[in-house]
Colleague: 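My questions all concern the structure below.
Since this is a predicted model, take the numbers as computed values, not measurements. Reminder, nothing fancy here: chain letters follow the sequence lines and each chain counts from 1.
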2 protein chains.
Amino acid sequence: MSTHSFTEENYLKLIYALANRGTNEVSTNALAEVTATRAASVTDMLKRLADKELIHYRKYQGVRLTDEGERLALKIIRRHRLWEVFLVDKLGFGWDQVHEMAEELEHIRSDELVERLDTFLDNPQFDPHGDPIPTPAGHMPDAPSQKLADLLPSETACLLGVLDHSAAFLQHLDRSGLTLGCTVNVSEISAFDRSMRVTIPPGQTLFVSYDVARNLLVGPPKP
Amino acid sequence: MSTHSFTEENYLKLIYALANRGTNEVSTNALAEVTATRAASVTDMLKRLADKELIHYRKYQGVRLTDEGERLALKIIRRHRLWEVFLVDKLGFGWDQVHEMAEELEHIRSDELVERLDTFLDNPQFDPHGDPIPTPAGHMPDAPSQKLADLLPSETACLLGVLDHSAAFLQHLDRSGLTLGCTVNVSEISAFDRSMRVTIPPGQTLFVSYDVARNLLVGPPKP
DNA sequence: TCTTTTTTTTAGGCTAATCTAAAAATTTAT
DNA sequence: ATAAATTTTTAGATTAGCCTAAAAAAAAGA
């Protein structure tokens, strides 16, 4: 019934995130980057995590989570996303304000707290940014993978999530009037800069740069 | 805008608690006891807190909080008690289950979070154990000081709080049917063991040992 | 292939928060 | 008032998590 430090939990979460885009082996340098530390510090921590059998680690070969490590990573991610739902839905924070708070709340150690929170929030399936919430059993649901930028003229889709989680991007969407769940219809795509003219209910037209469109995740339109 | 470690925050909270029952000077040994550490470790920490001007510290003389230290202590206590209200009122935890979780939640660093939580909870004045919640400005409201054990036969009062916060005591109250806010009338006091026979609505009679009665805080009966 | 560059690890230190053992100050008791 | 007991502080270690500088391994390039 070991307990883990905040730092260890953060490493696991970040290894999971890095492994699930790109190759499955995560490099020391990549971790140094996302933890904002030095490679030597990462090596130190990797040894500790390997001792605890949370990662597979062979010198110079990069790391992979063990089953137990992945289970733990998903648990942290579940907590993080549920707390974000709480902060936005119950306390009225903007979706651009909650990341830092959730980074702290995700380390509160009580399984019963998390499950009661889940119930209190009516078992949400997605966090405020459209990221899927892992199940209590430790399964990560599939996330949408199609981007708004992938659509062709005249196609219609439902806005489901964001790839860029920065406050700047989220605030830009707020100012544009783009919200998750809204139906978007592509009316025109510029051949020059790939920017899009789209319409959203109730019949509003707006222009979306390629940089925005490739950071928006979409799925089939709601009926 | 310095930030403080969990440990520092806990020391401040505990110094406040010890200072406000008994003398105002808190001893190294008393702190070693409540922090479950050794006196030598306490001395180390007192030096750090003194360097940060959060306490007045003179060797061998015990400590007192500075104004800034007390402000911080009250902030932590406010957070702790608001989170307890959340856990009980919103998530449905028992009042005997919430202390440990609140010990962690109290360290989440966001003033806006605390103030939004306060609003979400409808600005509660007391936590689930009847302890007053400090104001955002850093003022600790008066707590009731009269105990059930102080009442005389035929007197009536309202149950307002507990002095003993142990799960065992709280569960004992639950099993007895004693809840905060309920009206108690003392019908008889045993000269032998100071136990009380009391009645609570709707006309239920029960026996309360002196050990229980001196750990229950009461105030004037509700009309 | 065999240098050169990049990545990763090792070696040795630092700080916060803890410890034990011993010394110093204070308090209590005779 | 002085000896004994208690409390507090100092001295010196330990651990987690970080650092820099240097060595070693792997990858890239001519």
Side-chain angles (χ1 to χ4, degrees), chain A residues 1-15 18-19 22-65 69 72-73 76 103-104 106-107 109, chain B residues 1-15 18-19 22-65 69 72-73 76 103-104 106-107 109:
Chain A
M1 199 65 316
S2 61
T3 180
H4 307 92
S5 71
F6 283 21
T7 310
E8 287 170 337
E9 292 188 348
N10 282 332
Y11 267 82
L12 294 176
K13 186 182 57 172
L14 292 168
I15 292 168
L18 289 173
T23 169
N24 266 29
E25 300 287 316
V26 177
S27 76
T28 301
N29 264 359
L31 278 167
E33 170 104 30
V34 294
T35 55
T37 63
R38 300 314 186 119
S41 310
V42 172
T43 300
D44 272 6
M45 177 57 84
L46 294 184
K47 284 178 185 166
R48 278 193 288 274
L49 292 173
D51 283 349
K52 296 190 172 190
E53 299 188 37
L54 297 170
I55 59 172
H56 296 291
Y57 173 59
R58 284 182 356 272
K59 282 191 198 176
Y60 298 101
Q61 304 302 291
V63 292
R64 257 182 24 256
L65 293 174
L72 250 160
I76 311 302
E103 285 288 298
E104 298 185 35
E106 73 190 6
H107 300 294
R109 305 169 214 291
Chain B
M1 200 68 319
S2 61
T3 179
H4 308 92
S5 70
F6 283 21
T7 311
E8 287 170 338
E9 292 187 350
N10 282 333
Y11 267 82
L12 294 175
K13 186 182 60 172
L14 293 169
I15 292 168
L18 289 173
T23 168
N24 266 28
E25 301 286 319
V26 176
S27 76
T28 301
N29 263 0
L31 279 167
E33 169 105 29
V34 294
T35 56
T37 63
R38 300 314 187 117
S41 310
V42 172
T43 301
D44 272 6
M45 178 57 84
L46 294 183
K47 285 178 185 166
R48 277 194 288 274
L49 293 174
D51 283 348
K52 296 190 172 190
E53 299 189 36
L54 298 170
I55 59 172
H56 295 291
Y57 172 58
R58 282 180 359 270
K59 282 191 201 177
Y60 297 101
Q61 304 302 296
V63 291
R64 257 182 24 257
L65 294 174
L72 250 160
I76 311 301
E103 285 288 297
E104 299 185 35
E106 74 190 3
H107 301 293
R109 306 170 214 290

Colleague: Using the salt bridge (charged side-chain N to carboxylate O under 4.0 Å, His left out) rule, pick out the option among R48(A), K52(A), K47(A), K13(A) that qualifies with E8(A).
Modeller: K52(A)

Colleague: Map Q61(A) and T37(A) onto DNA chain D by nearest heavy atom, then report which one ends up closer to the 5' terminus.
Modeller: T37(A)

Colleague: Provide, to the nearest angstrom, the distance between the NZ atom belonging to K59(B) and the C1' atom belonging to dT26(C).
Modeller: 14 Å

Colleague: What is the separation between atom CG on L46(A) and atom C1' on dT9(C), rounded to the nearest whole Å?
Modeller: 11 Å

Colleague: Scan S41(B) against the nucleic acid and name what it touches under 4.0 Å (heavy atoms): base, sugar-phosphate only, or nothing.
Modeller: base

Colleague: Rounding to an integer number of Å, can you tell me how far E9(A) CD sits from dG17(D) P?
Modeller: 11 Å

Colleague: Between dC19(C), dT9(D), dT9(C), which nucleotide gets closest to the side-chain atoms of T28(B)?
Modeller: dT9(D)

Colleague: Need one value for Y57(B): base, sugar-phosphate or nothing, where a base atom within 4.0 Å counts as base even if backbone is also close, heavy atoms only.
Modeller: sugar-phosphate

Colleague: Take atom OH of Y60(A) and atom C1' of dT6(C), then tell me their distance rounded to the nearest Å.
Modeller: 12 Å

Colleague: Check the orientation of F6(B) and F6(A). Use parallel for under 30°, tilted for 30 to 60°, and perpendicular for over 60°.
Modeller: perpendicular

Colleague: Distance check needed: dT20(C) P versus D44(B) CG, whole Å only.
Modeller: 13 Å

Colleague: Round to a whole Å and report the spacing from CZ of R48(A) to C1' of dC18(D).
Modeller: 9 Å

Colleague: For S5(A) and dG17(D), is the shortest distance between a side-chain N/O and OP1 or OP2 below 4.0 Å?
Modeller: yes

Colleague: Could you please name the option among dT9(D), dT20(D), dG17(D) that lies closest to any side-chain atom of R38(A)?
Modeller: dT20(D)

Colleague: Is the count of non-hydrogen atoms from other residues, nucleotides or ligands lying under 6.0 Å from E53(A) atom CD greater than 12?
Modeller: no

Colleague: Closest to the N29(B) side chain: dT8(D), dC19(C), dA21(D)?
Modeller: dT8(D)

Colleague: Name the residue closer to the 5' end of DNA chain D, choosing between F6(A) and V42(B) according to the nucleotide with the nearest heavy atom.
Modeller: V42(B)

Colleague: In this structure, which one of L54(A), I76(A), N10(A) forms a side chain to side chain contact (heavy atoms under 4.5 Å, CB included) with H4(A)?
Modeller: L54(A)

Colleague: Looking for any heavy atom pair under 4.0 Å, which part of the strands does T7(B) touch: base, sugar-phosphate only, or nothing?
Modeller: sugar-phosphate

Colleague: Roughly how many Å is it from CG in D51(B) to P in dT15(C), rounded to a whole number?
Modeller: 14 Å

Colleague: In whole Å, what is the span from the CZ atom of R58(B) to the P atom of dT26(C)?
Modeller: 10 Å

Colleague: Can you figure out which of dT9(C), dG17(D), dT18(C) approaches the side chain of M45(B) most closely?
Modeller: dT18(C)

Colleague: Is any side-chain nitrogen or oxygen of S27(A) closer than 4.0 Å to OP1 or OP2 of dT7(C)?
Modeller: no

Colleague: When you measure from the side chain of A40(B), which nucleotide among dA17(C), dA16(D), dA11(D) comes out closest?
Modeller: dA11(D)

Colleague: Measuring from atom CE of M45(A) to atom CG of L12(A), what distance do you get when rounded to the nearest 0.5 angstrom?
Modeller: 9.0 Å

